[in-house]
Number of protein chains: 2
Amino acid sequence: MPAPTPERPDAPRLADFLCFAIYSANLAYGRAYKPILDELGLTYTQYIAIIALSEEDNQSVGGLGEKLFLESNTLTPILKKLEALGYIRRQRDPADERQVRVSLTPEGRNLREKALPMNLAAAAGLGEDFPVVQKAVVRLRSNLLKAARGQGAKAVETAEAE
Amino acid sequence: MPAPTPERPDAPRLADFLCFAIYSANLAYGRAYKPILDELGLTYTQYIAIIALSEEDNQSVGGLGEKLFLESNTLTPILKKLEALGYIRRQRDPADERQVRVSLTPEGRNLREKALPMNLAAAAGLGEDFPVVQKAVVRLRSNLLKAARGQGAKAVETAEAE
DNA sequence: TGTTTTTAGATCGGACACGATCTAATCGGA
DNA sequence: TCCGATTAGATCGTGTCCGATCTAAAAACA
């Protein structure tokens with residue numbers, strides 16, 4: 001058993017990093033959702049793509065990507081997979097052949113119904129803080145993306161301390 | 001331009017899902033950190049591994065994995081990469097040949113010093129809410145992992161609504 | 001002691017996430 | 001109208017993450 005040997009007692013601890021809390025909470029979400037998603041035969045990313053499509057049908061790949069914060073290099077293979085599974089349809093927009101319109105099939109809509117209970121999930125323990133945390137994380141995301149789009153390193157360095 | 005056509009106006013919106021907020025905030029963190037990590041020549045996972053090792057040296061792969069919420073299948077390739085980069089040393093524990101002990105090299109320690117400013121970063125906008133959000137996300141992670149370890153689907157279904 | 005079981009890492013295949021690059025379609029200015 | 005610039009997706013290579021499986025070492029126990 002190795003003795004705890006803090007190399008830098010003055011340095012901030014990983015456990016206090018917000019980035020690490022988010023990172024590891026995301027891993028935890030994946031593990032908590034896995035059993036239910038396995039029953040549906042979906043991955044998490046496929047799942048949120050279905051949700052987003054159920055909110056607005058016939059979106060372009062780019063439009064969907066804006067909602068999911070993903071780009072075509074990530075989305076295209078996922079959408080092809082969902083199409084192969086029969087849950088969505090992909091077709092070039094006749095008005096602009098560059099765009100691909102994506103829409104749910106009846107099977108896809110059906111799947112979204114089955115997945116409805118999933119939106120409630122595993123937030124137990126947050127209690128009344130839930131909406132506060134949700135909003136704060138969204139705000140955090142917004143700030144991070146602003147920093148990233150802006151110029152990255154520069155913006156981050158001038159950001160407030162954690 | 002496609003008209004917004006909510007398929008299920010009564011269904012919860014993706015934008016309100018806590019899981020999605022966490023998921024997308026994690027993506028955003030990755031993008032915000034990328035420029036700095038690129039300068040260091042590290043990926044995010046490599047970075048947190050270095051941080052964890054700087055807090056306690058000579059850990060086993062399993063022990064490190066507990067802190068990072070990762071297992072050997074993920075950790076081993078990352079540690080091998082860090083070893084190849086010269087930042088860590090991996091060696092079998094003579095007292096228990098099954099275990100691999102990981103420790104920072106001087107170069108690795110040096111790198112951690114250079115990465116020190118990174119712990120402050122891009123939380124701007126949360127202000128005084130910061131510690132509240134950080135703790136809430138950690139609590140959330142803990143609950144999710146409990147649900148996942150427990151039995152997954154069963155536990156999640158009985159969890160409180162988002 | 002010898003055999004069975006458990007444990008720690010490692011390996012492998014599948015699925016993201018992303019930077020870089022490519023192609024095809026559209027747009028815009030001369 | 002024509003051609004360079006822009007735009008939307010698609011493709012490819014790298015690096016996680018994870019389930020499943022493998023190997024070797026240690027522990028358990030008859």
Side-chain angles (χ1 to χ4, degrees), chain A residues 1-2 20 23-35 37-38 41-49 59-66 68-85 90-102 145 148-149 152, chain B residues 1-2 20 23-35 37-38 41-49 59-66 68-85 90-102 145 148-149 152:
Chain A
M1 183 174 296
F20 180 66
Y23 163 81
S24 49
N26 184 49
L27 294 183
Y29 253 124
R31 290 165 204 178
Y33 270 4
K34 189 113 212 317
L37 288 170
D38 277 351
L42 289 180
T43 66
Y44 181 72
T45 317
Q46 291 167 359
Y47 164 67
I48 58 172
Q59 293 183 77
S60 69
V61 173
L64 190 58
E66 256 182 60
L68 301 182
F69 303 97
L70 295 172
E71 293 177 30
S72 72
N73 51 5
T74 300
L75 268 181
T76 296
I78 293 166
L79 295 177
K80 284 190 169 180
K81 176 72 180 189
L82 284 175
E83 182 181 39
L85 290 171
R90 293 164 64 247
Q91 45 195 353
R92 291 277 163 188
D93 187 337
D96 184 346
E97 289 281 345
R98 289 173 305 178
Q99 297 189 16
V100 170
R101 298 266 159 210
V102 186
L145 289 178
R149 304 263 169 209
Chain B
M1 182 175 296
F20 181 66
Y23 164 80
S24 49
N26 184 50
L27 295 184
Y29 253 123
R31 288 165 204 178
Y33 271 5
K34 188 118 212 315
L37 286 170
D38 278 351
L42 289 181
T43 66
Y44 180 73
T45 317
Q46 292 167 0
Y47 163 69
I48 58 172
Q59 293 184 79
S60 67
V61 173
L64 190 59
E66 256 181 59
L68 301 181
F69 302 96
L70 295 172
E71 293 176 31
S72 71
N73 51 6
T74 301
L75 228 34
T76 296
I78 293 166
L79 295 175
K80 283 189 170 180
K81 176 74 180 188
L82 285 176
E83 183 181 40
L85 291 172
R90 293 163 64 246
Q91 45 194 355
R92 292 276 164 187
D93 187 336
D96 184 344
E97 289 281 343
R98 289 173 306 179
Q99 297 190 16
V100 170
R101 298 266 159 213
V102 188
L145 289 178
R149 303 261 170 212

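Only this structure's heavy atoms are used, side chains among them; waters, hydrogens and symmetry mates stay out. So you know, we letter chains A, B, ... as the sequences are listed, proteins then strands, and number each from 1. All figures in this text were calculated on a predicted structure; none of them were measured in a lab.
Residue Tyr23(A) places none of its side-chain N or O atoms closer than 4.0 Å to OP1 or OP2 of dT16(D). Contact check, Lys34(A) against dG19(D): no side-chain N or O comes under 4.0 Å of OP1 or OP2. The phosphate of dG9(D) (OP1 or OP2) has no side-chain N or O of Arg101(A) nearer than 4.0 angstrom. Taking 4.0 angstrom as the limit, Thr45(A) places a side-chain polar atom (N or O) nearer than this to OP1 or OP2 of dA17(C). Taking only side-chain nitrogens and oxygens, Arg92(B) never comes nearer than 4.0 Å to OP1 or OP2 of dA26(D).
In this entry the distance linking CG of Leu37(A) with C1' of dC16(C) reads 14 Å, nearest Å. Rounded to an integer number of Å, the gap from CG of Leu64(A) to C1' of dC16(C) is 15 Å. To the nearest angstrom, C1' of dG9(C) lies 16 Å from CG of Leu68(B). Here dG14(C) presents its P atom at 24 Å from OH of Tyr44(A), a figure rounded to the nearest Å. The CG atom of Leu27(A) sits 11 Å away from the P atom of dG19(D) (whole-angstrom rounding). The separation between Phe69(A) atom CZ and dC18(C) atom P is 12 Å, rounded to whole Å. Residue Gln46(A) contributes atom CD, which lies 10 Å from atom P of dA17(C) at whole-angstrom precision. One interatomic measurement links the two molecules: CG of Leu82(A) to C1' of dC16(C), which rounds to 13 Å at whole-angstrom precision.
Ring geometry for Tyr44(A) versus Tyr33(A): interplanar angle of 30 to 60°, hence tilted.
Legend: side chain to side chain donor-acceptor pair (under 3.5 Å) pairs involving residues 68-77 of chain B, not counting sequence neighbours: none detected.
Between Asp38(A) and Arg90(A), it is Arg90(A) whose nearest contact on DNA chain D lies nearer the 5' terminus.
Annotation for Leu64(B) and Leu75(B): closest pair C-CD2, 4.1 Å, computed over non-hydrogen atoms.
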Reading 5' to 3' through nucleotides 1-8 of chain C, protein heavy-atom contacts under 4.0 Å coded B for base, S for sugar-phosphate only, - for none: ------BS
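A distance of 8.0 Å separates CG of Leu27(B) from CZ of Phe20(B), quoted to the nearest 0.5 Å. Note that the CG atom of Leu82(B) and the CD atom of Gln46(B) stand 5.0 Å from one another [nearest 0.5 Å]. Taken to the nearest 0.5 Å, the CD1 atom of Ile78(B) stands 7.5 Å off from the CD1 atom of Ile48(B). To the nearest 0.5 Å, the span separating OH on Tyr23(B) from CG on Leu68(A) amounts to 7.0 Å.
Among residues two or more places apart in sequence or in another chain, the salt bridge (charged side-chain N to carboxylate O under 4.0 Å, His left out) test is passed with Glu83(A) by Arg90(A). In terms of the salt bridge (charged side-chain N to carboxylate O under 4.0 Å, His left out) criterion, residue partners of Arg98(B) (sequence neighbours excluded) are, by chain and number, Asp96(B). The side-chain contact (heavy atoms from CB on, under 4.5 Å) check on Asp93(B) picks up Ala95(B), Gln99(B), Arg101(B), with sequence neighbours excluded. Applying the salt bridge (charged side-chain N to carboxylate O under 4.0 Å, His left out) criterion to Lys34(A), with sequence neighbours excluded, gives Asp38(A).
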Worked check of side chain to side chain contact (heavy atoms under 4.5 Å, CB included) between Leu79(B) and Val100(B): CA-CA 11 Å; Leu79(B) 295 175; Val100(B) 170; over 6 Å; no
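Proximity of residues 70-80 of chain A to DNA chain D (heavy atom under 4.0 angstrom from any strand atom) is restricted to Ser72(A), Asn73(A), Thr76(A), Lys80(A).
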Give me the distances for all protein-to-nucleotides 2-5 of chain D N/O pairs that come in under 3.5 Å?
none

